[in-house]
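Numbers restart at 1 for each chain; the letters A, B, ... are given by sequence-line order, proteins then strands. Predicted model only: the values in this text are computed from it and were never measured.
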Amino acid sequence: MLSIQFVRENFDAVVRNTANKNTTLDISAFPTLDAERRELITKGQDLKALRNTVSEEIARLKKAKENADDKIAEMRSVGDTIKSIDDRLRAIEEELDNLLLLIPNMTHESVVVGKSAEENIEIRRKDGVIGNQPDKAWRKDHIELCKLHGLVDFERGAKIAGSGFPLYTGKGARLERALLNFFLDQNTGRGYDETMPPFVVNTTSMRGTGQLPKFAEDLYRCADDDLYLIPTSEVPLTNIHRDDILSAEELPKKITGYSACFRREAGSYGKDTRGFLRLHQFNKVELLKFVHPEDSYNELELMLNDVENLLTLLGLNYRIISLVTGDTGFSSAKTYDFEVWSPCEQKWLECSSCSNFEDFQARRANIRFKRDANAKPEFVHTLNGSGLATSRIMVALLESYQQEDGSIVIPDVLRSYTGFDQIG
RNA sequence: GGAGAGAUGGCUGAGUGGCCGAAAGCAACGGUUUGCUAAACCGUCGUAAUGUUUAAGCAUUACCGAGGGUUCGAAUCCCUCUCUCUCCGCCA
C-alpha cells in the first residue's frame, strides 16, 4: 500500500495513477477523512496527557490519605470523552484503511501510459534453436500431441476435479517434473535459495502481497479454516519475511521455490479454455528478491537475465515486453512479461511476469531492513518473477519440438531429468 | 480429537493495579585501556502515530500475542480470539 502521508502529499498524482491503471476507485473522501483523523488524534492525545498527569496526582493524594474524589469524578468524564473520540477515530481509520488497501501502487516513471495490453512495448526477442517456425501443414497442436502420446488426460482431470485441472500421465508427468527440477537447479545455480512453501496461506499473508482485499473472487478459499489456496508462490515466499527486520548484509536476498498455483479465473470463462492455455491449477517455479530500495530497478533487469537463461537453454522463441500502465498489476510499479511462441496457436503466450513492487508489498507486509546496527528500519523493495510457469512452456515445447512423424524431441538440457530423448 | 502449559524489547528473562516503555543478563554499536587477540571499564542501545521545527531535534500519545471490558489509572484483573509448546490418541 501507499503510505497515508504519500497519498496526502501527492493526492492528484495518486488519482491520475489510479486512472492510468484502468482502476475505477473513488478516493475523493480521503482528504476529509485524513483531516478528521488527525484532528481526533490530537484531541485524544491532549486528553490522555491530562488524564495521565491527574492520575498521578490522584495516586499521590491517596498515598497521603487525602481526598481525591472530585479529581476522580473529573477524570471519569474525561475518560468518557476519550472513549467516544477513540470510537470515532477507530471508525475513521477503518474507512481510511479500506481505501488505502484498494489504491494501486504508483507505476515507475519509465512505464509508458497506455490503456491495454495491445499497447505494450516489445523490448527484445530471441529465436531459439528451433528457428523462426515457418508454417508447416503437418504440425499438430499441443492438445493433439498430448492425446497422441498420452501425456495429459484432460477428461479424467475434469472428472476428478473439474475442467482446468489436468491429470498428467506417463511421459507427460515425467516431462512436467523434469521442467520443474531443471528450473530449480538453474535458479539455485544463480544464487537463489531453494524453498518449498505451504500451498495455502492465511488472510494476513494474502493482504501482505496485495491479493486481498481486492481480488478475493479470484481465489479458492477453505472457508472452515480461513485459508486460501495460493494463486502464486509469490504469496508465501514474500511473507517469509513479514514483520521481519533484515540486516543490510542479507540483501539482496534471493529465493526460488516451486508450488502448484490455484486460480478460479472468475470472469474469464470461455476464454482460452482449450488445453493448457488457462488452467485452475498449474505448476510454477518462482523467483523472489528482497533488495535495497536503490537497487531494485537494477535487480529487476538482473531477474530478466535469470528468466532468459531458462528460455535460452530450452531453445524456445521468446520475447520480452514492457507493460504499459493500464496492463500493469495492482501491486506492481513496473512489469516485464516473457512470452513464448506457440506455432500452432500462432500466438505469443505469457510464461513469466517479472515485477518490481518497490515498497508496496513491504509496507503491507511490514518487511524492513536496517542499513547498520543503529539505523532506523526502512522498507525493503520486493521483486518477483516466474522462473518459470510450466503450462505455457509445455505448449511451446511440444509444438516446437515435434517432428513430421509426430514424435517429440526432448531438448538436450532436459534429457538428464526426463531419462528419455524423445516422445513417440 | 483429548489433557495441560505458555505468549514481555534482537535473544534470555524479571515484573500481579499507580514515577514500568518496562529490572537484569546476553548480543549489537561508540569510546577508554592495550604489542595483537582477548578481557576489563564507561556510554549508547525498541517501534509507530500526531504536533512543532523541518537537517538534526523537541513534545505528546500509543504499543508487553490480537481484540474488547473493569478502573481516576492496566504488562499486571475479567472476557473472546489467535498462535506456540508438552503429553496422549489418530494418521501421511
Discussion item. From the set B/G18, B/C72, B/G68, return the single nucleotide nearest to any side-chain atom of A/Arg76.
Written reply: B/C72
Worksheet item: For the ring pair A/Phe282 and A/Phe276, is the centre-to-centre distance below 6.0 Å?
Response: no
Fill in: Atom C1', compared across B/U47 and B/C64: separation rounded to whole Å
13 Å
Response to the item:
Note: for A/Gly44 and A/Arg37 on RNA chain B, the residue whose nearest nucleotide lies more 5' is A/Arg37
Discussion item. For B/C81, give the paired nucleotide (Watson-Crick: N1-N3 plus N6-O4 or O6-N4; G-U: N1-O2 and O6-N3; both under 3.5 Å), or none.
Written reply: B/G65
Worksheet item: Is the distance from OP1 or OP2 of B/C19 to the nearest side-chain N or O of A/Asn52 less than 4.0 Å?
Response: no
Item to complete: Using the P atoms only, state how far B/U44 lies from B/A49, rounded to an integer number of Å.
Response: 26 Å
Worksheet, complete the sentence: Mate of B/U76 across any strand shown (Watson-Crick or G-U wobble, both atom pairs under 3.5 Å) is none
Worksheet entry | Residue A/Arg51, side-chain atoms from C-beta onward, closest of B/A48, B/U50, B/C72 | B/C72
Worksheet item: Has A/Lys284 got its NZ or CZ under 6.0 Å from the middle of the six-membered ring of A/Tyr258, at an angle within 45 degrees of the ring axis?
Response: no
Discussion item. Pairing check on B/G43: which nucleotide meets the Watson-Crick or G-U wobble criteria with it, both distances under 3.5 Å?
Written reply: B/C29
Practice prompt. Tell me the partner of B/A23, counting only Watson-Crick (N1-N3 plus N6-O4 or O6-N4) or G-U wobble (N1-O2 and O6-N3) with both under 3.5 Å; none if nothing fits.
Written response: none
Discussion item. Can you identify which nucleotide, out of B/C72, B/U50, B/U61, has its nearest atom closest to the A/Ile4 side chain?
Written reply: B/U50
Worksheet, complete the sentence: Rounded to whole Å, CG of A/Leu50 lies from C1' of B/G73 at a distance of 13 Å
